[in-house]
Peer 1: 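Following this message is one structure expressed as structure tokens.
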Amino acid sequence: MSHEHVSYLELLARGAASEAYDRPVLLARASGAGPEALAGLEEAKQLALRVRAELEGRRRREAELSALFATAHDLAGLRDLDAVLRAIVQRARSLLGTEVAYLSLNDPAAGDTYMRVTEGSVSARFQQVRLGMGEGLGGLVAQTARPYVTEDYFEDPRFQHTHTIDAAVRDEGLVAILGVPLSLGSQVIGVLFAADRRARVFEREQVALLGSFAAHAAVAIDTAHLLAETRSALAELERANDIIREHSAVIERASEVHDRLSELVLRGGGVHDVAHAVSEVLGGTVEFTEAGAGAARRTGGHAVREGDDWVAAVSAGGETLGALVLHGQPELDPVDQRTLERAALVTSLLLLARRSAGEAEQRVRGELLDDLLDAPDRDRLLLRERAARLRTDSEAPHVVLAARIDRSAAGAADSDAGRRESADRQRLWSAATHLAATRHGLASARDGGTVLLLPLGPGESAADLARQTARSLGGALSEPVTVGASAPVRALLDRPDQVAVAYEEARRCLDALVLLHRSGQGAAAEDLGFLGLLLADGRDIQGFVGRTIGQVVDYDRRRGTDLVRTLDAYFGSGMSPARTKDELHVHVNTVAQRLERVGRLLGPDWQSPARALEIQLALRLHALSDAVTGR
């Protein structure tokens, strides 16, 4: 093998540029080689160049195949669509040797095309451009579903130029552009581009290579869509599964509570047994409360949310008996709500059953109260035996209370008014007997209303008991109930006749409350000022004086002052400080100071007409009492 042939082999081995293959011929010509030698070298040069071109083509095809294999590998492990598309565009730019490569996708919802991935771009306007369907080189590719190439974009009339596209292409400085379609079946979903900032010709192999990358990109997009749809379908299935499991659990809970409530009713369980059973099934804490009756009666028979609690009314025959309150479960399934409502219904049935038994006992209690009111001269030993059987503590102080529902029946027919009054009396008696049973007292229907005989609790006054009874009965019936109370009756079986006297006093207090427009309230004689003094049978004059001016009397007694006499002179002088000082022979400032002290003792409204009247009456009674006792 000649030296020149060795030189060409060395050039091939080190991958020299094509220009280097001219050097052996030039050196031979310079050294004076003959025509035959030069012709041989030229032939060897052409052969070497053909071998070089073949090797270069093989290297390029290996690189292309390697890139396509890497792209297929990316698709097989597809996790992030953007990352796969970015790799495709980068490889296309590298293998085609272009300055820029980019991929656009169609947006059917917006009716246009947008840039999804760009590589080598430096223009923000170009990267963010949105094109109308059918516009630019991409529009031509999308319409024909075939590759298109332009050597000089701005001079090419084959596609629709627009100001937006041309401005973006000019801003990027692109001249030669190749675009191939991204197709799914017969539908073009986008375009893959390779572009240079100078005029160039794209070879057929380069067009085919970019088409291969576009096919991979289309597969990646389709795979991502399928994965998204699959994930969405799986999520929907999981949600449906969760709903089915949840509803199944709820139905099982409802079935369980139904069985447990049925068992409770059959074995005579109580209200708290029901609450405990529902607590275990619903997972919260359920309690029965009479205090929740006010909120419960607004629920219309349904469980409703009150803050973080759920409340279900326990009612029967229009009367609210209380409520079941569920704590600790602010989010409650509709089926569980109905479970709570069913438990409230069972509770009302248990209460009614208990009340029926209680009412039978209360009829006996009512008979005892009737005898105390109507036949107090009966055998006291027999009365004591009956009271003992009913567990009535006859030695404790008791209060007689008269209760009535006061409503106007104007405009209603006589028969309607009569039926309504009869229903009112029955409802009031039912609620009163329940209250009497809970307080170990007696109750009876009488005079269009109800009379109760209730023991006083520790530290409780007759007025306190009257107000509590009005609230309790009014809450149970969901309408105002007026209650008048007597003074306390002590050792009631030693003098049974005092019960009838106390009842008359309670009725007078009740009538006074209605006349004073205080219907729906409870009061005893002590609440009614001088009017109470007139109504009370005991005529507790000292109590009235003490409640009205007792603080002033006590102040005079402790300090040796003369406030009582000043008050008497002040009212006797027509409430004139000037005339009062003449009556007392003191300076007017002294009168003012004394009256200021009275105001601090009796309250700022002591000179109002009603208070002034009571104070003057108390002053007269106090003076009378002093005269009688010789003070």
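For the single chain, residues carry numbers from 1 onward in sequence order.
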Peer 1: Please, which pairs that meet salt bridge (charged side-chain N to carboxylate O under 4.0 Å, His left out) have at least one residue in residues 595-605, sequence neighbours excluded?
Peer 2: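 For residues 595-605, and leaving out neighbouring residues, the salt bridge (charged side-chain N to carboxylate O under 4.0 Å, His left out) pairs sorted by first residue read Glu596-Arg600, Asp605-Arg611.
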
Peer 1: Residues in side chain to side chain contact (heavy atoms under 4.5 Å, CB included) with Arg305, at least two apart?
Peer 2: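 In terms of side chain to side chain contact (heavy atoms under 4.5 Å, CB included), with neighbours along the sequence ignored, Arg305 is linked to Asp308, Trp310, Pro330, Glu331.
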
Peer 1: Does the side chain of Leu326 come within less than 4.5 Å of Val286's, by heavy atoms?
Peer 2: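 They are in contact (side-chain heavy atoms under 4.5 Å apart), so the answer is yes.
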
Peer 1: Look up atom CZ in Phe571 and atom OG1 in Thr580, then write down how far apart they are to the nearest 0.5 Å.
Peer 2: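 That separation rounds to 10.0 Å.
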
Peer 1: Rounded to the nearest 0.5 Å, what separates atom CZ in Arg404 from atom CZ in Arg425?
Peer 2: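 Between Arg404 CZ and Arg425 CZ, I get 11.5 Å after rounding to 0.5 Å.
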
Peer 1: Could you give the distance from CG (Asp554) to CD1 (Ile549), rounded to the nearest 0.5 Å?
Peer 2: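 The CG atom of Asp554 sits 10.0 Å away from the CD1 atom of Ile549.
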
Peer 1: Who pairs with Ala402 by side chain to side chain contact (heavy atoms under 4.5 Å, CB included), at least two apart in sequence or on another chain?
Peer 2: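 Counting only residues at least two positions away or on another chain, Ala402 forms a side chain to side chain contact (heavy atoms under 4.5 Å, CB included) with Tyr503, Ala506, Arg507, Leu510.
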
Peer 1: Taking Gln498 for the side chain and Arg490 for the main chain, is one N or O donor matched with an acceptor at less than 3.5 Å?
Peer 2: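 Yes: the side chain of Gln498 pairs with the backbone of Arg490.
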
Peer 1: Any ring pair (Phe, Tyr, Trp, His ring centres under 6.0 Å) involving residues 586-620? Give me the pairs, sequence neighbours left out, ordered by first then second residue.
Peer 2: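 As it turns out, the ring pair (Phe, Tyr, Trp, His ring centres under 6.0 Å) pairs with a partner in residues 586-620, which skip direct neighbours, are Tyr570-Trp606.
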
Peer 1: Determine the minimum heavy-atom distance between Leu473 and Ala403, stating which atoms define it.
Peer 2: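 In terms of heavy atoms, the two residues are closest at CD1-CB, 4.0 Å.
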
Peer 1: Does Ser486 reach the main-chain N or O of Glu505 with its side chain, forming a donor-acceptor pair under 3.5 Å?
Peer 2: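 Judged by distance alone, no pair lies under 3.5 Å.
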
Peer 1: Tell me, please, which residues at least two apart from Asp562 pass side-chain hydrogen bond (donor to acceptor under 3.5 Å, both in side chains).
Peer 2: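 If we apply the side-chain hydrogen bond (donor to acceptor under 3.5 Å, both in side chains) test to Asp562, skipping adjacent residues, the hits are Arg565.
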
Peer 1: Return the set of residues passing side-chain hydrogen bond (donor to acceptor under 3.5 Å, both in side chains) with Thr450 (not counting sequence neighbours), or none when no residue passes.
Peer 2: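 Checked Thr450 against side-chain hydrogen bond (donor to acceptor under 3.5 Å, both in side chains); zero matches.
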
Peer 1: Would you say the side-chain atoms of Ser472 pair up with the backbone N or O of Gln468, donor to acceptor, closer than 3.5 Å?
Peer 2: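 Flag not set: sc Ser472 to bb Gln468 has no pair under 3.5 Å.
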
Peer 1: As an exercise, state the distance from CG of Leu567 to CG of Leu595, rounded to the nearest 0.5 Å.
Peer 2: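 Answer rounded to 0.5 Å: 7.0 Å.
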
Peer 1: Quick one: closest heavy-atom pair of Pro455 and Gly441, and the distance?
Peer 2: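 Shortest heavy-atom contact: CD-CA, 4.2 Å.
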
Peer 1: With Thr561, which residues qualify under side chain to side chain contact (heavy atoms under 4.5 Å, CB included), at least two apart?
Peer 2: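 Partners of Thr561 under the side chain to side chain contact (heavy atoms under 4.5 Å, CB included) test: Tyr555, Asp556, Arg559, Leu563.
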
Peer 1: How would you list, by chain and number, every residue that makes a side-chain hydrogen bond (donor to acceptor under 3.5 Å, both in side chains) with Thr566, sequence neighbours excluded?
Peer 2: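 Here the qualifying residues are Arg594.
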
Peer 1: Excluding sequence neighbours, so at least two apart, what forms side chain to side chain contact (heavy atoms under 4.5 Å, CB included) with Glu287?
Peer 2: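 Checked Glu287 against side chain to side chain contact (heavy atoms under 4.5 Å, CB included); matches are Val325, His327.
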
Peer 1: Rounded to the nearest 0.5 Å, how far does NE2 of His398 lie from CG of Leu465?
Peer 2: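 Leu465 atom CG to His398 atom NE2 measures 10.0 Å (nearest 0.5 Å).
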
Peer 1: Go through the structure and list residues passing side-chain hydrogen bond (donor to acceptor under 3.5 Å, both in side chains) with Arg467, not counting sequence neighbours.
Peer 2: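 Per chain and number, Arg467 pairs via side-chain hydrogen bond (donor to acceptor under 3.5 Å, both in side chains) with Asp464, Asp527.
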
Peer 1: Arg427 side chain to Leu477 main-chain N or O, any donor-acceptor pair under 3.5 Å?
Peer 2: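 Confirmed, Arg427 side chain pairs with Leu477 backbone.
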
Peer 1: Work out which heavy atom in Ala323 is nearest to a heavy atom in Val311; give both atom names and the distance.
Peer 2: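 So the two residues come closest at CB-CG1, 3.8 Å.
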
Peer 1: Do any pairs count as a salt bridge (charged side-chain N to carboxylate O under 4.0 Å, His left out) and have a residue in residues 567-592, sequence neighbours left out, and if so which ones?
Peer 2: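 Found Asp568-Arg620.
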
Peer 1: Could you tell me the separation between the CG atom of Leu454 and the CG atom of Leu435, rounded to the nearest 0.5 Å?
Peer 2: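 Leu454 CG to Leu435 CG: 6.0 Å, rounded to 0.5 Å.
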
